[in-house]
Amino acid sequence: FSSATSFLQCCFMSGHNLVTLGKDVKLFRKRAMEYRQKSTYEFNSIIEEAVSKLIHFSGHQSSEAGILVDQKILVQLCLRENNFRYACYSYILLGMVEYI
């Protein structure tokens with residue numbers, strides 16, 4: 001499943017169609033759960049969140065504020081659990097979304 005995650009990352013960073021990418025992410029996450037690949041499932045959830053955020057962007061800062069607070073809490077929990085890779089990956093992808 002690391003190939004699937006790499007594929008999704010590459011698609012996201014190279015600007016593939018977000019709707020199609022969202023469907024692919026859901027499919028790969030479903031497969032990850034079937035094969036009990038928890039880390040793959042978690043990593044793909046970051047891509048799914050980033051894609052969803054871009055698709056449903058409203059343009060209002062206030063509507064996005066709650067999402068940012070939830071993301072910061074999630075990253076803090078990851079750091080407490082010594083899951084630095086997941087935290088860094090979250091910051092990179094979601095930072096890209098904020099930049100866009």
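For the numbers below, each heavy atom of this structure counts, side chains included, while hydrogens, waters and symmetry mates do not. Quick note: residue numbers are just sequence positions, from 1. Computed from a predicted model, the values in this text were never measured in an experiment.
Minimum interatomic distance between Phe28 and Ala4 (heavy atoms only, all atoms of both residues): CD2-CB, 3.9 Å.
Each of Arg31, Arg36, Gln37 was evaluated against Glu34; a single residue qualifies, Arg31, per the side-chain contact (heavy atoms from CB on, under 4.5 Å) test.
Residue Ile46 is grouped with residue Ile55 when hydrophobic side chains (ILVMFWY) are merged at heavy-atom distances under 4.5 angstrom, including chains of intermediate members. Phe7 and Leu21 fall within a single hydrophobic cluster, where Ile, Leu, Val, Met, Phe, Trp and Tyr side chains are chained together by heavy-atom contacts under 4.5 Å. Cluster membership for Leu27 and Leu8, using ILVMFWY side-chain heavy atoms within less than 4.5 angstrom, is not shared.
Residue pairs meeting the salt bridge (Lys or Arg N to Asp or Glu O under 4.0 Å) criterion with at least one member in residues 6-30, sequence neighbours excluded, are Arg29-Glu48.
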Could you list the donor-acceptor pairs under 3.5 angstrom formed between side-chain atoms of residues 9-18 and any protein atom two or more places apart in sequence or on another chain?
from	atom 1	to	atom 2	distance (Å)
Gln9	NE2	Tyr89	OH	3.1
Ser14	OG	Cys10	O	2.7
Ser14	OG	Cys11	O	3.4
Ser14	OG	His16	NE2	3.4
Asn17	OD1	Val19	N	2.8
Asn17	OD1	Thr20	N	3.1

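A 4.5 Å side-chain heavy-atom check between Asn44 and Ile47 finds at least one atom pair inside the cut-off.
Here the straight-line distance linking atom CE of Met33 with atom OG1 of Thr40 works out to 11.0 Å at 0.5 Å rounding.
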